[in-house]
Amino acid sequence: MNVLLYLNTIRQRSTRMFMTIARIMVPVMVIVYAADRMGLVQQVGEFLAPAMAFLGLPPQAGLIWATTVITNIYGGMASMAALSDTLDMNVAQISALGAMMLFAHNVPTEQSVVRRAGASAWITGTLRIVVGIVYGAAVTWTCQAAGWLQDPVSFAWMGQDTGLTQGPPDVLTWLLSTVQSLLLVLLVIIGMVILLDLLERLKITRLITRLLTPVLKLSGLEERAAPLTTVGVLLGLAYGGALIIDAAERENFSARTRLLALSWLSLCHALIEDTLLILTLGANVWVILVLRGLLTLAVLAALAALTQPHTRWGQHLARQDNIRPA
């Protein structure tokens, strides 16, 4: 009976979290699909070409990044595969573009999750775009001036049958792909709920929190928000956001904690999977992982300082706590 009760509790919690995320993701995915089919993504890419040149990137980078921002990293890689015959980039450039893709991808869907979790989608979304652009420019300009990472990158392998395309060829294919994605989300959420419960019972969560204490002090996060944020950093914003949505009501996170945690997740999430994807393109691991992580911590430290209770922004967040229903 105890086992059945435990399984029923896991099922109820997982289903509730999944339905919350699905209600956010599905409408946005439909809109993004329609925009992609209408050619709007390509138009945005062409509009960004001059900006890419200013950043020291080839004009094709505009389409690649626009596709990534509106869809996801796989969409950006698909665009890159379609453009592989015309791409001419060195390691510094692909590392800069890869970092920009890691900072800002799937923004419409993921920032919808952020908004539902209790932080401003506009603030966190803008943060991702701006930090991505600034970091990309810093990488290309610095490497060009110092002569670092100037070796050319070959994209010939992307022209082969890698399974990458510019987009779903028809509605049925897109529907099947969407259902598969949602089922994967459900499976990950179930596994995540079980894992977190196990970590809590074994008191490993407390150990992780203690190990993260120096970083927590720097980022301004409450200790009880650390495990949830850590899951999102490792697995993805949708999963970490789902946990924060679920926990925010139970544990009454402050507006400041939600903003800092979700800003962290917006800038740095799915650390393992996404980083490996960009590494396959020929990017430098120091640029897309180590320095990017340090920059994220620096941005969070600055954001924590700007939202201290005595600051104007901190007082605004405190007012949000006061007017939020109990």
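Keep in mind it's a predicted model, so treat the numbers as computed, not measured. The first residue in the sequence is number 1, and the count goes up from there.
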Task: Stepwise side-chain hydrogen bond (donor to acceptor under 3.5 Å, both in side chains) test for R128 and S266 - done: CA-CA 7 Å; R128 297 177 72 175; S266 294; 5.0 Å; no

Task: Stepwise side-chain contact (heavy atoms from CB on, under 4.5 Å) check, V290 with V285 - done: CA-CA 7 Å; V290 180; V285 67; 5.6 Å; no

TODO: Take M100 and M52 through the side-chain contact (heavy atoms from CB on, under 4.5 Å) test and state the conclusion after the steps.
DONE: CA-CA 11 Å; M100 292 168 63; M52 294 298 106; 4.2 Å; yes

Open item on the list: Checking T124 against Q111 for the side-chain hydrogen bond (donor to acceptor under 3.5 Å, both in side chains) test, could you report, in this order, the C-alpha distance in whole Å, the side-chain angles of both residues, the deciding distance, and whether it holds?
Closed with: CA-CA 7 Å; T124 53; Q111 300 322 113; 2.7 Å; yes

TODO: Could you go through the side-chain contact (heavy atoms from CB on, under 4.5 Å) check for W65 and V69 one step at a time?
DONE: CA-CA 6 Å; W65 195 44; V69 169; 3.7 Å; yes

Open item on the list: Please evaluate residues I94 and L149 with respect to the criterion side-chain contact (heavy atoms from CB on, under 4.5 Å), reporting the C-alpha separation (whole Å), side-chain torsions for both, the decisive distance (0.1 Å), and the verdict.
Closed with: CA-CA 10 Å; I94 195 62; L149 306 178; over 6 Å; no

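In this structure, OG on S84 lies 9.0 Å from CZ on F155, to the nearest 0.5 angstrom. For the atom pair CG of L87 and CD1 of I64, the computed distance is 4.5 Å after rounding to the nearest 0.5 Å. Atom-to-atom distance recorded for L262:CG and L259:CG is 7.5 Å, nearest 0.5 angstrom. Here the CG atom belonging to L195 is positioned 8.5 Å from the CD1 atom belonging to I204, to the nearest 0.5 angstrom. The line from CD of Q308 to CZ of R256 is 4.5 Å long, rounded to the nearest 0.5 Å. A distance of 11.5 Å separates CD of Q12 from CG of L7, quoted to the nearest 0.5 Å.
Checking side-chain atoms of T307 against main-chain N and O of A304 turns up a donor-acceptor pair under 3.5 Å. Using a distance-only test at 3.5 Å, with no hydrogens or angles considered, no donor-acceptor pair links the side chain of S95 to the main chain of V287. Proximity of a side-chain donor or acceptor of T67 to a complementary backbone N or O of L63 within less than 3.5 Å is detected. In this structure, the side chain of Q144 does not engage the main chain of W141 through any donor-acceptor pair within 3.5 Å. Looking only at distances, a side-chain donor or acceptor of Q150 sits under 3.5 Å from a matching main-chain atom of W148.
Ring geometry for F103 against Y135 counts as perpendicular: the plane angle is over 60°, on a 0 to 90° scale with 30° as the lower cut.
Placement of L295 and V134 in two distinct hydrophobic clusters is found when ILVMFWY residues are connected by side-chain heavy-atom separations under 4.5 Å, directly or transitively. A single hydrophobic cluster is not seen to contain both V130 and L267; linkage of ILVMFWY side chains at heavy-atom distances under 4.5 Å, directly or through other members, places them apart. Residues I10 and F18 fall within the same hydrophobic cluster, defined by Ile, Leu, Val, Met, Phe, Trp and Tyr side chains chained together at heavy-atom separations under 4.5 Å. At a threshold of 4.5 Å between side-chain heavy atoms, the hydrophobic network of Ile, Leu, Val, Met, Phe, Trp and Tyr places I288 and W286 in one connected group. Linking Ile, Leu, Val, Met, Phe, Trp and Tyr whenever their side-chain heavy atoms come within less than 4.5 Å puts Y6 and V3 in one cluster.
Contact annotation: the side chain of M89 never approaches that of P152 to less than 4.5 Å [non-hydrogen atoms, C-beta and beyond]. Looking only at side-chain heavy atoms (C-beta outward), L260 and L300 come within less than 4.5 Å of each other.
Contact between D88 and P58 at its shortest, heavy atoms only, is O-CG, 4.5 Å. Of all non-hydrogen atoms in L265 and L237, the two that sit nearest each other are O-CD1, 3.6 Å. A pairwise comparison of heavy atoms in A92 and T140 identifies O-CG2, 4.4 Å as the closest pair. When all heavy atoms of L57 and A61 are compared, the pair lying nearest together is CB-CB, 3.9 Å. Of all non-hydrogen atoms in A305 and T311, the two that sit nearest each other are O-CG2, 3.7 Å. Of all heavy-atom pairs between E110 and H105, the closest is OE1-O, 3.2 Å.
There is a side-chain donor-acceptor pair under 3.5 Å between T86 and Q60. Side-chain atoms of T109 and S112 form no donor-acceptor pair, as typed in the model, at a separation below 3.5 Å.
Just one of T9, N8, T15 meets the side-chain hydrogen bond (donor to acceptor under 3.5 Å, both in side chains) condition when paired with R11; it is N8.
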